[in-house]
Amino acid sequence: MSFFKKFFGKKNTPQPRHETDIDREISALYAILVDVMGSDRLVLQAGKMDALRYMRSHDPSERILALRRILEENPTLSPPPKRSELQGQVLLVSEMLADIIARRQIEDKIERKLNEKLEKEHQDYVKDIRLQILKEENPADESPHDKKKREELQELEEVHLTQSVMELLRPQSLEEIVGQERAIKSLRSKLASPYPQHLILYGPPGVGKTTAARLVLEAVRGTELSPFKENAPFVETDGTTLRWDPRDVTNPLIGSVHDPIYQGAQKQLAEGGIPEPKPGLVTDAHGGILFIDEIGEMDIMLQNKLLKVLEDKRAYFESSYYDPTDERVPPYVKMLFENGAPADFVLIGATTRDASAINPALRSRCAEIYFEPLTPAHIVEIVLNAAKKLNVELEDRLAEIISEYTIEGRKAINILADAYSLALDRAEDKVLHIDRPIKITKQDVYEVAQVSRLYQYVTKKASSKSAVGHIFGLGVSGFIGSVIEIEAVVFDAEKGKGTIRFNETAGSMAKDSVFNAASVLRRVTGKDIHDYDVHINVIGGGNIDGPSAGTAILVALVSAVTGKKIRQDVAVTGEISLQGKVRPVGGVFEKAYGAKQAGIKTLIIPKENAKDIPKGHLGLKIFAVDTAEEAFKRIFAEPIDEPELEEKVSLDKDEQIKKISSTTVTPEELEMLTSKAT
C-alpha cells in the first residue's frame, strides 16, 4: 500500500471524498498492475507514457486513461472516457491485465523448464568432464556398459570359420598365376622401373589381374631401382561401388569436406562452424598403388576428377564455410585447404570391358596391358594345382572335364570346390587324411554342373576327318574369341536361274561377303554360282558384325560346288575382296584363343595381320596368306581343279562388271557387286 500512499495519500488529497464502487475497482486494478510490473517499473512506464498526473487525479476517468496509456504504451491516448463509459473501460483494462498475467505465467513456466534443463545439462556436462578426467587419470578403467560391449566383441573374435576356399587356393606367388607370363613380365617391368607408369589392365574375368598387381608390388617393394618403399601401401577399391555426390559432400575416392551444417564436422570443429576436410583413397595410396577394379564401370565424371589428381599429385578441397582468417581453424585444416592432401601414387585400373569404356584422356596417361584368355590346358593346370593345395585325389581326366565348362580360373576353382564338398559328404568318416585323401570323381563334377546349370563352354570341336561344305570361321566378342561354323550346300539348277539363300540374322556385312565370294568363286573355279541353288548357313544364327567371315564363306562355297573336302582342324579369318585378296581384320590375337579352345591345329590369317600375333602362338600352326588361292592350299585336303587359262585372264574393271551383271539374278545383288567393284 506504500505505492498508493505515495500517490493517493492525504497530501495528494486535500479534502476527503466518498469512494465509490468504480473507484474501488480502479484501485484494485492499480494494485494488480503493481504486482505484475513492480512499483518502480510502473512509475517509470507511467512517466514515459505521460500518465503520472492522471494516476494522482481524483477523477476515475483520468485514472482509467492513465491505466490504458500504461498498458497500451500509447502516450497520445485521449480524451478520458465519459462517466457512462467507465464500467466498459474497467472491463477492458481487466481483460488486458488478465492477458498480461496469463502470458507472465506461461513465461514463468517456460523459464522454470529452461532453467531445469540448463541445470541438468550443466550437471551432465560436469559429469562428462569428471569422467573424462578420470579416464585420463585411469585410462584402463571403463564403464560397465563399455565393458559388456568389449566382452561381446571379444567373444565374436574368438569364433572362426575355416579359411574360405578362394583364400586357400588364391595364388601366393607370381609363378602360380597360370597363362599370364607375358602380361606379368610387362607389369613387373613397368612397376620395377625408377619411373613407374600408371596402368590399365584389360582381360576377361577370373584370369588373375588383381592378384598379379598385388603380387608384383610385393615383389618390387624395396628393390634397388623401384621407388616403392618397403611399406608402400596397396589400396584396393571397386569402381562399381564408388558413389559420390556432385557437390562433393561425399567422395570416398578423392576426398570430401564435412561442413558443419550439412554433415557435421567433428564436434569441436562443428561447434565453431569450421569445415573439416576428409582425405580419400587417393591420399591413403600416397607412395604406393591405388588399384581400382572394374574401372570401366566407374562414373565418367569421377574418372575426370581422378585425372586431375593424377596431374597435380594432390587432392584439393573447397568449402564456402572456410575462413582463412579465422584464428580458431586448426593448422592441419588450414594446410589441407591451402595446400591440398598429398596423392602421389601409381594408378592400376582393371576392367573386363572394352577400352572405349575408359576416358580417353585417362587412357592416354596409362600404359595398357592385356591379360590373355585361358586355354583348356591352362584350366587343367589351375585345377591340378588347386587339387594339391586341397590334398585331394582326382579321377582320371577330371581336370579336362572342368576345362570344358569354363575359361575362367576362378570359376574352375569354384567347380572343383563344389565337387570337393560333394565328395567329402559322400565319404563315410568325413575326415581328411594326408595318406588317404578324398577322391573327387567325374560324377561329382557332372552333378555340380547340373545343379549350377553349367554348360560346356566349347561345343564346336575340330576333327581329323575332312568334310565337304563345312568350315570353321573365327569371331571375337570382348576379349574372348570363338569359332563360327559355316556350312554350304548346292543343288543343280536351270542355268543362270539359281537362287542364293543366307541367314538373315547373320547381318548385312556377312551377306556382302557372300556376294563377294560368289564373284571370286567364278574366277578361281570357272563355275557360275547362279547355275546352282545355294544355301549358306551360319550354325547357331549369330550376328557376324564385320566382314571377317568372307574367306571362310568362299571356302565353304568352293567346297560345295567342287565337292572338294575341307580339313576340319583348320580355322580361317579374313575379309575377301572381289579380286580374291584376303584383307586384314581385327581381333586376330583373341581369335587364336577361340581356335585353340575348339581344338583347331592350323590357323589361316591375312598376311597383313602376321605382325599382330607371335609365331607359333598357343602351339598353333599359323599361316599368313595374301590370296584365296594361298588359303586353299592350306585348307583343302586335295588341290582345287583350276579353270582353263582363258578364264583366269585378268579382266579390266568394265569387263568384270559386265560379266558379273550377266550372271546376277536380282537388281539388288547387281548394285552390291557393282559398288564393290568400283
Side-chain angles (χ1 to χ4, degrees), residues 164-167 169-171 177 180 183 187 197-217 233-256 263 278-286 288-311 315 341 343 345-374 406-414 452-453 476-480 590:
S164 74
V165 69
M166 296 306 296
E167 291 176 340
L169 302 182
R170 181 183 294 131
I177 301 178
Q180 305 299 338
L187 179 60
Q197 298 171 264
H198 302 301
L199 301 169
I200 297 180
L201 311 181
Y202 299 95
V207 297
K209 298 186 293 295
T210 304
T211 302
R214 185 186 296 108
L215 292 178
V216 165
L217 176 62
F234 183 89
V235 177
E236 182 179 349
T237 187
D238 193 316
T240 60
T241 64
L242 290 174
R243 298 290 181 264
W244 67 288
D245 187 283
R247 300 169 300 172
D248 278 338
V249 172
T250 177
N251 192 328
L253 182 64
I254 309 300
S256 54
Q263 289 176 280
K278 295 281 188 179
L281 295 175
V282 294
T283 300
D284 295 341
H286 180 71
I289 284 178
L290 174 61
F291 183 88
I292 303 179
D293 200 8
E294 300 300 342
I295 193 172
E297 305 290 341
M298 195 165 72
D299 185 273
I300 193 68
M301 185 62 72
L302 195 55
Q303 291 186 31
N304 283 328
K305 289 180 175 289
L306 178 60
L307 180 65
K308 175 65 175 173
V309 174
L310 293 179
E311 288 289 329
F345 58 88
V346 169
L347 170 69
I348 299 182
T351 182
T352 57
R353 298 188 64 182
D354 187 76
S356 60
I358 311 295
N359 186 320
L362 185 60
R363 286 183 59 200
S364 68
R365 288 163 175 78
C366 300
E368 297 178 301
I369 299 176
Y370 283 77
F371 276 60
E372 301 170 2
L374 299 176
T406 183
I407 60 169
E408 298 180 26
R410 186 186 301 116
K411 186 64 177 177
I413 289 176
N414 283 335
S452 302
R453 299 299 189 271
V476 62
S477 177
F479 304 104
I480 308 298
E590 289 78 11

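Computed from a prediction, not measured in an experiment: that's the story for all the values here. Heavy atoms only: backbone and side chains are in, while hydrogens, waters and symmetry mates are out.
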Show, in sequence, the C-alpha distance, side-chain angles and deciding distance for Thr241 and Glu294, and conclude whether the side-chain contact (heavy atoms from CB on, under 4.5 Å) test is met. CA-CA 10 Å; Thr241 64; Glu294 300 300 342; over 6 Å; no
Closest non-hydrogen atom pair between Pro373 and Ile480, with its separation: CB-CD1, 4.1 Å
Any heavy-atom pair between the side chains of Leu374 and Gln180 that's under 4.5 Å? yes
Mind checking the CD-CD1 spacing from Gln197 to Ile369? Nearest 0.5 Å is all I need. 8.5 Å
Please round to the nearest 0.5 Å and tell me the distance separating atom CD1 of Ile200 and atom CZ of Arg365. 11.5 Å
Let me see the working for Thr237 and Asp293 under side-chain contact (heavy atoms from CB on, under 4.5 Å), right down to the final yes or no. CA-CA 6 Å; Thr237 187; Asp293 200 8; over 6 Å; no
Are Phe345 and Leu310 close enough that some pair of their side-chain heavy atoms sits under 4.5 Å apart? yes
Quick one: pull up NE2 in His198 and OG in Ser364 and give me the separation to the nearest 0.5 Å. 11.0 Å
If you define the side chain from C-beta out and look only at heavy atoms, does anything of Pro171 sit under 4.5 Å from Thr211? yes
Ring centroids only, cut at 6.0 angstrom: are Phe371 and Tyr202 within range, meaning strictly under it? no
Trace of the side-chain contact (heavy atoms from CB on, under 4.5 Å) decision for Glu236 with Thr210: CA-CA 9 Å; Glu236 182 179 349; Thr210 304; 3.4 Å; yes
Enter the distance from Asp299:CG to Arg243:CZ here, rounded to the nearest 0.5 Å. 9.0 Å
How many angstroms lie between atom CD1 of Ile348 and atom CZ of Arg214, to the nearest 0.5 angstrom? 11.0 Å
Closest non-hydrogen atom pair, Ala315 against Val282: CB-CG2, 4.1 Å
Less than 4.5 Å apart, any side-chain heavy atom of Lys308 and any of Ile254? no
Which atom pair, heavy atoms only, marks the closest approach of Val309 to Ala343? CG1-CB, 3.8 Å
Any donor-acceptor pair under 3.5 Å from Gln303 side chain to Asn359 backbone: yes
To the nearest 0.5 Å, atom CG of Leu253 lies from atom NZ of Lys305 at 10.5 Å
Where Ile292 and Leu347 come nearest, the two heavy atoms and their spacing: CD1-CD1, 3.8 Å
Does the pair Asn251 and Leu302 meet the rule for a side-chain contact (heavy atoms from CB on, under 4.5 Å), with working shown? CA-CA 9 Å; Asn251 192 328; Leu302 195 55; 3.7 Å; yes
When every non-hydrogen atom of Leu290 is compared with those of Ala285, the smallest separation belongs to CB-CB, 3.8 Å
If every non-hydrogen atom of Pro204 is compared with every non-hydrogen atom of Thr352, which pair is closest and at what distance? C-CG2, 4.1 Å
